[in-house]
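Protein chains get the first letters and strands the later ones, always in sequence-line order, with residue 1 at the start of each.
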Protein chains: 2
Amino acid sequence: MTGTSEASLIDRCRRSGLRITGPRRVILEVLQSAEDHPDVEELHRRVSRIEPGVNIATVYRTMNKLAEHGLIERHMFDDGRQRFEPAPAAHHDHFINVESGEVVEFCSEEIERLQEEIAKSHGFEIVSHKLEIYVRPRRSR
Amino acid sequence: MTGTSEASLIDRCRRSGLRITGPRRVILEVLQSAEDHPDVEELHRRVSRIEPGVNIATVYRTMNKLAEHGLIERHMFDDGRQRFEPAPAAHHDHFINVESGEVVEFCSEEIERLQEEIAKSHGFEIVSHKLEIYVRPRRSR
DNA sequence: CTCTAGTTGCAACTTGTTCGCAATTAAAAC
DNA sequence: GTTTTAATTGCGAACAAGTTGCAACTAGAG
Ligand SMILES: [Mn+2]
Ligand SMILES: [Mn+2]
Ligand SMILES: [Zn+2]
Ligand SMILES: [Zn+2]
């Protein structure tokens, strides 16, 4: 669940007809190797460590472009800033540890199925959904 | 699921030690009688129709105060603006009709239970959660 | 009625994100 | 390799949603 789906983001960009420039290459590498769900500032920080001079507007624009082409997923957890991850091979949802900010991925077949069921019973067809569970480490006693 | 829990928002405010001023009274009435999940601009619009001159900053501040006291619930759907509803008597989640913007409430005992279960199995204890299902009317064939 | 802490209107500010524009450049076409 | 052109970039300004400082006002306790 961590790590990208099929090919590298760079390859997928090429296939989508996106140009691979210097800044973009670095951004893609940073994004690809991220184990977490970084926001734009954090991406920019990581990019700048590798290649200073890349403007944060470029990071924003690149994220928008990648999202348009379905190469990344955009999230908006409760802190109110966009966070990103390479488009995952399979759907998953998220735990957010409210104490550490850490994000943990999970997927429940049953929950997914129940969503379909309840949507159908309301006369709806699901376009997408978002399940975020804010948690803290369980204090054992 | 539509309509408030126990007492009126005004009463609950009084009990929380919040002062009932002119602007606040109108805001509370608007909020209480809302059938949807209005954002601040919309609340302000509705308030202004009843009593012009109320500043939008007051609406923002009132929402923050009410949320602090647990009298309303704050949501953030995909359009990126805060939306509000009076604190519901019982928990529920939301369908958002992507075509009309309409919000429909639902609750699934089973989904709630499965969340607990899966959180526990990851060593977490749930603080809160958010399940938003973006839907469109099911095209029957 | 008095007094004071809570509330308000207003304008200025903050934060996260987008945009216009001129300069640069990837990569398609020769 | 050279040319050509549309995509991309850096930069600063602009935006949008939400917050805040402040002086004036007022609910409601005593
Ligand atoms: Mn993820
Ligand atoms: Mn609701
Ligand atoms: Zn899911
Ligand atoms: Zn729920």
Exercise. Which residues pass the salt bridge (charged side-chain N to carboxylate O under 4.0 Å, His left out) test with B:Glu117, sequence neighbours left out?
Worked result: B:Arg113
For this session: Could you check A:Asn55 against B:Ile56 and say which one's nearest nucleotide on DNA chain D is further toward the 5' end?
Result: A:Asn55
Exercise. Starting at the 5' end of DNA chain D and moving along, which residue's nearest nucleotide shows up first, A:Lys65 or B:Arg74?
Worked result: A:Lys65
For this session: With sequence neighbours excluded, tell me which residues meet side-chain contact (heavy atoms from CB on, under 4.5 Å) with A:Lys65.
Result: A:Leu18, A:Arg24, A:Glu68, A:His69
Problem set entry | Any residue meeting side-chain hydrogen bond (donor to acceptor under 3.5 Å, both in side chains) with B:His37, in chain and number order, not counting sequence neighbours | B:Glu85, B:His94, B:Glu105
For this session: Give a yes/no on whether any side-chain N or O of A:Tyr60 is located under 4.0 angstrom from OP1 or OP2 of C:dT18.
Result: no
Report each atom pair, protein N/O against N/O of nucleotides 20-22 of chain C, whose distance is under 3.5 angstrom.
unit_1: C:dG20; atom_1: O6; unit_2: A:Arg61; atom_2: NH1; d: 3.1

For this session: To the nearest Å, give me how far apart CG (B:Leu66) and C1' (C:dT7) are.
Result: 13 Å
Problem set entry | Residues forming a salt bridge (charged side-chain N to carboxylate O under 4.0 Å, His left out) with A:Arg19, sequence neighbours excluded | none
Exercise. First and last nucleotide of DNA chain D touching chain A, 5' to 3', heavy-atom cut-off 4.0 Å?
Worked result: D:dA6 to D:dC11
Problem set entry | Phosphate OP1/OP2 of C:dT17: any A:Gln82 side-chain N/O under 4.0 Å | yes
Exercise. Under the salt bridge (charged side-chain N to carboxylate O under 4.0 Å, His left out) test, which residues partner A:Arg138, sequence neighbours left out?
Worked result: none
Exercise. What is the distance, rounded to the nearest whole Å, between atom CZ of B:Arg81 and atom P of C:dT17?
Worked result: 16 Å
Exercise. Quick one: hydrophobic cluster around B:Met76, which other residues, with the 4.5 Å side-chain cut-off, linked directly or via members?
Worked result: A:Met76
Exercise. A:Glu41 has an atom CD; how far is it from atom P of C:dT17, in whole Å?
Worked result: 8 Å
Anything under 3.5 Å between a donor and an acceptor, one on a side chain of residues 95-102 of chain B, the other on a protein residue two or more places apart or in another chain? List them.
unit_1: B:Asn97; atom_1: OD1; unit_2: B:Glu99; atom_2: N; d: 2.8
unit_1: B:Asn97; atom_1: OD1; unit_2: B:Ser100; atom_2: N; d: 3.2
unit_1: B:Asn97; atom_1: ND2; unit_2: B:Ser100; atom_2: OG; d: 3.4
unit_1: B:Glu99; atom_1: OE2; unit_2: B:Arg136; atom_2: NE; d: 3.2
unit_1: B:Ser100; atom_1: OG; unit_2: B:Glu102; atom_2: N; d: 3.1

For this session: Give the B/S/- string for nucleotides 24-30 of chain C, one per nucleotide from 5' to 3', where a protein heavy atom under 4.0 Å of the base yields B, of only the sugar-phosphate yields S, and otherwise -.
Result: -BBS---
Exercise. Which part of the nucleic acid does B:Val40 contact within heavy-atom distance under 4.0 Å: base, sugar-phosphate only, or nothing?
Worked result: nothing
Exercise. Can you find a pair of side-chain heavy atoms, one from A:Gln115 and one from B:Leu131, that are under 4.5 Å apart?
Worked result: yes
For this session: Determine whether A:Leu43 and A:Ile27 make a side-chain contact, defined as any pair of heavy atoms from C-beta on separated by less than 4.5 Å.
Result: no
Problem set entry | Partners passing side-chain contact (heavy atoms from CB on, under 4.5 Å) against A:Ile50 (at least two apart in sequence or in another chain) | A:Val26, A:Val30
Exercise. Which part of the nucleic acid, if any, lies within reach of A:Asp39 when heavy atoms closer than 4.0 Å are counted: base, sugar-phosphate only, or nothing?
Worked result: nothing
Counting only pairs under 3.5 Å, give me each side-chain donor-acceptor contact of residues 51-63 of chain A, with atom names and distances, residues two or more places apart or in other chains.
unit_1: A:Asn55; atom_1: OD1; unit_2: A:Ala57; atom_2: N; d: 2.8
unit_1: A:Thr62; atom_1: OG1; unit_2: A:Thr58; atom_2: O; d: 2.6

